[in-house]
Protein chains: 2
Amino acid sequence: MMLRTHECGTLTKAHVGETVTLNGWVQRRRDLGGVLFIDLRDRSGIMQIVFNPEFSGEAHAIADKVRSEYVLAVKGTVIERSPDTYNPNLPTGEIEMRVTDIEVLSSAKTPPFFIEDGIDIDESIRLKYRYLDLRRPEMQQTLMLRSKAAKIFRDYLDEHGFIDVETPILTKSTPEGARDYLVPSRVHPGEFFALPQSPQIFKQLLMVGGIERYYQIARCFRDEDLRADRQPEFTQVDIETSFLSQEQLHELMEELMVRLFKETIGVDIPRPFQKLTYKDAIDKYGSDKPDLRFGLELVELSDLLANSGVKVFANVIANGGQVKALNAKGCGTWSRKEIDDLLPFAARYGAKGLAWIQVKEGEMRGPIVKFFTEEELQAVKDRVGAEEGDLILFSADKPKVVADVLGNLRLKIGRELGLIDDSVYKFAWVVDFPLLGYDEEAKRYVAEHHPFTRPREEDVALFDTDPGKIRAQAYDLVLNGYEVGGGSMRIYQREVQEKMFKALGFTMEEAHEQFGFLLNAFEYGTPPHGGMAFGFDRLIMLLAGRTNLRETIAFPKTQSASDLMVDAPSEVSAKQLEELSVRVAVQKPAEPKS
Amino acid sequence: MMLRTHECGTLTKAHVGETVTLNGWVQRRRDLGGVLFIDLRDRSGIMQIVFNPEFSGEAHAIADKVRSEYVLAVKGTVIERSPDTYNPNLPTGEIEMRVTDIEVLSSAKTPPFFIEDGIDIDESIRLKYRYLDLRRPEMQQTLMLRSKAAKIFRDYLDEHGFIDVETPILTKSTPEGARDYLVPSRVHPGEFFALPQSPQIFKQLLMVGGIERYYQIARCFRDEDLRADRQPEFTQVDIETSFLSQEQLHELMEELMVRLFKETIGVDIPRPFQKLTYKDAIDKYGSDKPDLRFGLELVELSDLLANSGVKVFANVIANGGQVKALNAKGCGTWSRKEIDDLLPFAARYGAKGLAWIQVKEGEMRGPIVKFFTEEELQAVKDRVGAEEGDLILFSADKPKVVADVLGNLRLKIGRELGLIDDSVYKFAWVVDFPLLGYDEEAKRYVAEHHPFTRPREEDVALFDTDPGKIRAQAYDLVLNGYEVGGGSMRIYQREVQEKMFKALGFTMEEAHEQFGFLLNAFEYGTPPHGGMAFGFDRLIMLLAGRTNLRETIAFPKTQSASDLMVDAPSEVSAKQLEELSVRVAVQKPAEPKS
């Protein structure tokens with residue numbers, strides 16, 4: 001075959017007069033009065049190549065038979081186009097190639113969709129023919145961005161003394177966390193490996209092993225019910241350090257993010273990042289991953305309305321709930337219907353109703369106004385800073401429901417009011433997560449992060465008095481409403497670990513049954529350590545300006561955890577199962593895949 | 001805690017007089033007349049710290065209680081040692097630290113083995129306590145070497161336009177190749193994912209997808225019976241390219257190896273690498289992965305001995321076998337017993353006997369000499385270049401047995417004679433592997449590499465006449481007797497693919513049943529492509545001068561595919577299995593792990 005001397009998209013006017021050979025795919029072919037124009041495409045771009053019976057000889061006849069997506073090798077001379085045929089949409093738009101030799105490397109059936117950006121086609125078709133979908137420039141650019149981002153992470157971490165260590169994929173099922181993917185062992189019948197939900201345990205063991213600074217771009221697996229933004233296998237940049245404070249770790253990671261955004265999309269991220277306690281995040285934004293590109297903060301009203309004539313409010317507060325409001329600036333002109341349309345949205349997050357007051361023509365208006373005293377109305381107005389043309393939305397419920405309802409209304413209204421600038425990237429650390437949550441069903445505390453998360457030093461005494469109040473040295477990194485990373489400092493002192501297990505209702509013996517090898521390891525000299533993990537797929541999604549994780553993964557799975565291209569999962573042979581000492585016990589026929 | 005200002009191994013005389021804080025593990029502690037000396041170890045090295053009641057105050061009393069592997073934070077002043085106490089074995093051997101403050105970060109039980117290099121301890125203990133084993137400098141250095149090597153691969157491939165693409169771990173079981181690890185699907189009862197034996201199919205699909213240059217440091221899985229140099233999960237550097245010739249690909253890869261060896265162990269590898277056909281490798285060295293650091297080549301004698309009076313030789317040759325010999329230079333002085341001791345070794349490779357002739361005191365001696373004619377003896381002597389003091393070893397059998405027996409004798413004798421220089425790294429390409437092998441049991445041809453391997457252009461006509469003679473565009477990269485990489489150029493022309501499947505005894509319909517999505521993909525414009533994969537674990541083993549793959553992996557599995565540290569595989573709960581719609585069908589109790 002004629003091997004290429006250049007890539008299509010790299011030719012410029014400087015090459016005029018040169019004889020070059022190109023290899024690539026036929027993007028399109030036009031016949032203008034017997035002269036054939038082909039847009040030849042490779043990874044670098046597109047070059048127009050011209051076949052004219054006058055100078056192309058036999059090549060012209062061969063070119064006459066090629067179709068879209070044929071693979072060609074062509075040889076010829078680069079010439080300048082006449083200025084009236086310049087194509088300003090192409091970097092190579094001022095030149096073309098006069099072909100003298102052609103070789104059809106392979107032919108192509110008509111593809112099921114056009115190989116071009118912005119196609120509007122069912123995603124399942126794109127996934128089934130992913131190898132064609134990947135030819136589209138936007139997919140190629142996303143994969144190149146992903147590769148580049150991985151390189152930036154690695155270069156930075158390498159420069160800062162982190163060692164890239166691979167941890168096992170075939171490992172042990174752990175009792176806590178999400179559902180494991182299991183792998184039957186042939187050598188040990190009846191026993192199973194599990195695929196790791198994260199390298200958490202191994203990275204802590206590496207710290208016990210004196211590695212001090214570890215990273216890995218690691219594949220992780222969770223057999224969960226899949227939402228739009230989850231994949232059964234996903235990638236995280238996994239990091240762990242010894243002998244660093246939380247502040248030192250955060251500084252290192254901030255610098256890393258700054259470099260990542262600068263070197264991929266050219267955006268300058270200011271440092272230091274905002275720090276926000278978990279409590280403040282929930283109080284002000286109703287979310288532990290607030291979008292900080294706009295204000296529209298939640299306002300606490302419980303103190304004002306505890307004795308209000310609005311009985312529904314007063315009752316909620318009396319029962320330990322709260323009343324909060326959002327001032328939707330400028331929405332005071334919304335029609336009754338527009339406001340009522342918010343209710344189904346709010347109901348998705350647990351709202352049983354949606355009280356509201358408009359400030360219109362100098363008056364506070366709305367169905368609930370009549371239950372307020374004049375003083376209460378004025379106090380609410382002052383507190384939320386309501387002015388003419390504003391809409392106050394109330395939520396009265398348990399704190400979690402109030403946060404969810406108003407937090408999501410905040411996002412929806414913020415978007416609708418155009419308060420969100422998509423060119424802005426607002427990072428923040430959310431810190432001081434609670435160490436323990438109370439499980440009402442199990443009637444015991446459970447670890448919010450994991451049982452090795454270190455409490456804040458000044459809160460350790462609370463183990464004996466009020467464990468629910470203990471703040472953890474746990475943190476998330478949030479960006480524009482997404483959690484892009486998270487982690488914690490870990491317990492390294494035996495006495496603190498014992499208090500932790502006691503709070504979780506375990507004796508040390510029971511803890512050993514569950515976490516034996518890790519607790520054993522901790523007995524041989526554990527360095528103070530901590531780390532975090534970045535959700536790599538989601539970071540790429542945000543960098544690429546996409547809204548779907550599947551767009552960032554070369555061969556993703558559908559929401560029902562199947563690969564439509566290779567048809568996986570699939571049935572296997574009886575012999576394979578026999579060798580593995582397992583049998584299928586299907587209660588119902590397999591459902592059709594989607 | 002007192003955070004470190006410096007790392008132990010980085011302090012020098014330039015720091016004398018400075019107050020520094022160190023964090024690390026107690027390597028050892030000595031009490032010399034009330035003055036305590038502790039070797040404090042971190043990843044960077046060791047620093048001697050001194051506690052004297054005079055200047056250490058309370059810290060001295062605390063230090064008196066610390067033991068090996070405690071984790072400490074210490075603060076103090078760097079001073080120069082008196083010259084008579086210099087330790088030339090330590091980079092920090094001319095300085096020490098006078099400690100004024102100490103914090104015991106965590107205590108440690110007595111470890112099951114000393115944390116130092118060169119320990120002689122059962123490997124299963126090291127694997128069970130891998131987190132302690134990893135503290136040993138030689139393990140840390142190997143992991144750092146591995147991390148650095150990965151970085152060199154990535155940097156080089158990135159510079160040369162390769163895109164790092166992650167391919168799925170949860171994928172489809174394929175009918176050919178080694179045994180798959182399977183993963184039951186919860187969402188699709190009765191169906192299974194398979195873990196990939198390599199990303200082969202995906203990398204070819206990426207070429208169809210126009211990625212042009214792909215790489216990935218990929219985890220691969222094979223559920224095979226494990227030999228000393230295999231792991232159930234292993235790592236390969238996986239590479240695929242479009243629009244390149246085999247020669248261009250090899251040049252790129254040679255440059256990569258040169259850089260890898262220079263930048264990790266400082267060794268200059270000359271280029272270009274030797275190229276050796278598969279046929280020559282087998283003929284001369286009895287191996288397709290010859291150790292080229294020494295000669296001791298195999299010599300063909302079949303033509304000389306076809307009509308020999310040595311009936312056993314003549315008969316083998318008459319039945320399609322061959323007779324070859326090895327001239328073990330200087331072994332003519334070996335005793336009968338020393339020679340006989342070679343037989344059990346040779347028998348491991350299929351030898352039924354081991355004929356030999358010594359050249360001693362001007363005579364050809366040995367039990368078989370009497371069956372030779374004088375002319376035959378002289379011809380053999382001349383052909384093998386035997387001189388006084390040499391030992392000629394014969395093998396007469398099927399060509400495969402002859403190659404195995406003499407190839408392995410060559411290695412053994414080469415090593416025993418000290419012909420192998422361990423400081424030399426001899427790379428070579430073994431090329432022109434056969435495309436097809438004949439499966440005597442199945443009575444059909446099978447693909448030696450895989451069914452998409454491209455034949456040499458000039459051999460395509462042999463599909464119709466003598467398929468067994470077709471040479472493939474397949475190659476291995478060998479180094480010092482190990483295969484460190486291998487790959488092939490792939491078929492991209494439909495008519496060649498059809499010939500290949502026909503030779504394998506498949507109709508295109510049957511081929512579609514097995515390789516459907518890949519063959520479908522090939523119909524939409526396939527670029528000429530090819531690639532290779534490097535065995536990353538093995539390369540690291542060679543770079544680190546080790547002989548066991550487990551030494552190169554942070555958390556390896558044993559030969560019976562278990563992880564002794566986390567105790568995997570292990571039993572799982574009935575609920576987990578029920579959710580996955582599988583049942584255990586154990587025919588025999590699980591065997592004890594080793």
For Arg179(B), is there an ion pair with Glu579(A) - N to carboxylate O distance below 4.0 angstrom?
yes
Under 4.5 Å from any heavy atom of chain B, what part of Glu457(A) do you find: side chain, backbone, both or neither?
neither
Measure distances from Pro528(A) to the heavy atoms of chain B and classify the residue's part below 4.5 Å as side chain, backbone, both or neither.
side chain
Segment of Phe234(B) engaging chain A (4.5 angstrom heavy-atom cut-off)
neither
Could you tell me which portion of Ile163(A) (side chain, backbone, both or neither) has an atom closer than 4.5 angstrom to a non-hydrogen atom of chain B?
both
Which heavy atom of Ala521(A) sits nearest to which heavy atom of Thr526(A), and what is that distance?
O-OG1, 4.2 Å
For His529(B) and Ile491(B), the nearest pair of non-hydrogen atoms, with its separation, is CE1-O, 4.2 Å
Side chain, backbone, both or neither of Lys109(A) within contact of chain B (heavy atoms, under 4.5 Å)
both
Given heavy-atom pairs under 4.5 angstrom as the criterion, report whether the side chain, backbone, both or neither of Asp158(A) touches chain B.
side chain
Measuring heavy-atom distances to chain A, does Leu105(B) have an atom under 4.5 Å in its side chain, in its backbone, in both, or in neither?
both
Looking at Glu523(B), Met565(B), Glu571(B), Gln576(B), which has the largest count of heavy-atom pairs under 4.5 Å with chain A?
Glu523(B)
Does the structure place the NZ or CZ of Arg213(A) under 6.0 Å from the centre of the six-membered ring of Phe162(A), at an angle of no more than 45° from the ring's axis?
yes
Non-hydrogen atoms of chain A under 4.5 Å away: do they reach the side chain of Asp155(B), the backbone, both or neither?
both
Angle class for the Phe202(A)/Phe555(B) ring planes (parallel below 30°, perpendicular above 60°, tilted otherwise)?
tilted
Between Arg146(A) and chain B, with a heavy-atom cut-off of 4.5 Å, which part of the residue counts as in contact: side chain, backbone, both or neither?
side chain
Go through Val26(B), Leu134(B), Val71(B) and name the one with the most non-hydrogen pairs under 4.5 angstrom from chain A.
Val71(B)
Heavy-atom pair count under 4.5 Å with chain B, highest-scoring of Pro556(A), Gly190(A), Ala554(A):
Gly190(A)
Would you mind reporting whether Pro199(B) and Cys220(B) have side-chain heavy atoms less than 4.5 Å apart?
yes
So which of Ile217(B), Leu132(B), Leu143(B), Ile115(B) has the biggest tally of heavy-atom pairs under 4.5 Å with chain A?
Leu132(B)
Is the closest side-chain heavy-atom distance between Arg41(A) and Glu69(A) below 4.5 Å?
yes
Gln216(B) and Thr167(B): side chain donor to acceptor below 3.5 Å:
yes
Which region of Leu3(A), side chain (C-beta onward) or backbone (N, CA, C, O), has a non-hydrogen atom less than 4.5 Å from a non-hydrogen atom of chain B, or is it both or neither?
side chain
Using the ring of each side chain (for Trp, its six-membered ring), is Tyr131(B) parallel, tilted or perpendicular to Tyr524(A), with breaks at 30° and 60°?
tilted
Contact part of Thr110(B) toward chain A, heavy-atom cut-off under 4.5 Å: side chain, backbone, both or neither?
backbone
Counting heavy-atom pairs under 4.5 Å with chain A, the top scorer among Val183(B), Val165(B), Leu182(B) is Leu182(B)
The interface call for Lys148(A) against chain B, heavy-atom contacts under 4.5 Å, is neither
For the residue pair Glu166(B) / Thr235(A), report whether a side-chain donor-acceptor contact shorter than 3.5 Å exists.
yes
